[in-house]
Participant: 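A single structure is presented below for examination.
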Amino acid sequence: MAKAKTDDTMVDGAADAAQPEGSALGYEQARDELIEVVRSLEAGGTTLEESLALWERGEELAKVCRRWLDGARARLDAALAEEDAEESAAE
């Protein structure tokens with residue numbers, strides 16, 4: 001299993017690397033706002049223009065969430081590949 005790096009530089013660097021480029025929202029923030037957008041759309045009672053604006057915002061939020069999840073998957077894949085390489089080198 002890969003060892004976690006705990007020095008301050010690595011922790012700060014990992015936090016910076018985790019945030020997708022161009023995204024000011026964290027995953028949880030984007031997800032929670034997306035949930036609210038969906039609830040508003042499902043509740044109805046909005047004009048067509050308001051509904052379209054909500055839908056567009058929902059699409060943007062979904063993209064932010066997808067970038068976060070894709071970034072997390074890439075980090076996991078890299079960690080697993082590193083672990084496999086370390087195990088192969090030890091054999």
Participant: So how far is it from Ser40 OG to Ile35 CD1, rounded to the nearest 0.5 Å?
Facilitator: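 It is 12.0 Å, given to the nearest 0.5 Å.
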Participant: Any heavy-atom pair between the side chains of Leu41 and Ser51 that's under 4.5 Å?
Facilitator: yes
Participant: Mind checking what makes side chain to side chain donor-acceptor pair (under 3.5 Å) contact with Ser88, not counting sequence neighbours?
Facilitator: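 Testing Ser88 for side chain to side chain donor-acceptor pair (under 3.5 Å), a comparison that skips the adjacent residues, returns none.
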Participant: Residues two or more places apart in sequence or in another chain: which of them pass salt bridge (Lys or Arg N to Asp or Glu O under 4.0 Å) with Glu60?
Facilitator: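 Checked Glu60 against salt bridge (Lys or Arg N to Asp or Glu O under 4.0 Å); matches are Arg57.
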Participant: For a quick test of reading the model, state the closest non-hydrogen atom pair linking Arg31 to Cys65 and the distance between them.
Facilitator: N-SG, 3.6 Å
Participant: Okay, side chain of Trp68, backbone of Glu28: is any donor-acceptor separation there less than 3.5 Å?
Facilitator: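 No; zero donor-acceptor contacts below 3.5 Å.
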Participant: What residue among Val64, Leu25, Leu61 forms side chain to side chain contact (heavy atoms under 4.5 Å, CB included) with Leu34?
Facilitator: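 Among Val64, Leu25, Leu61, the one meeting side chain to side chain contact (heavy atoms under 4.5 Å, CB included) with Leu34 is Leu61.
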Participant: Write down the atom of Val37, the atom of Leu54, and the distance for their closest heavy-atom approach.
Facilitator: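 Closest approach of Val37 to Leu54, heavy atoms only: CG1-O, 3.2 Å.
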Participant: Just to verify, what does Arg66 make a salt bridge (Lys or Arg N to Asp or Glu O under 4.0 Å) with, not counting sequence neighbours?
Facilitator: Asp70
Participant: Can you tell me if Glu56 uses its side chain to pair, donor with acceptor, with the backbone of Ala53 under 3.5 Å?
Facilitator: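 Side chain of Glu56 to backbone of Ala53: no pair is present.
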Participant: Once rounded to the nearest 0.5 Å, what's the spacing between atom NZ of Lys63 and atom CD of Glu59?
Facilitator: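 Between atom NZ of Lys63 and atom CD of Glu59 there are 6.5 Å.
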Participant: Considering only NZ, NE, NH1 and NH2 on the basic side and carboxylate oxygens on the acidic side, decide whether Glu42 and Arg39 come within less than 4.0 Å.
Facilitator: no
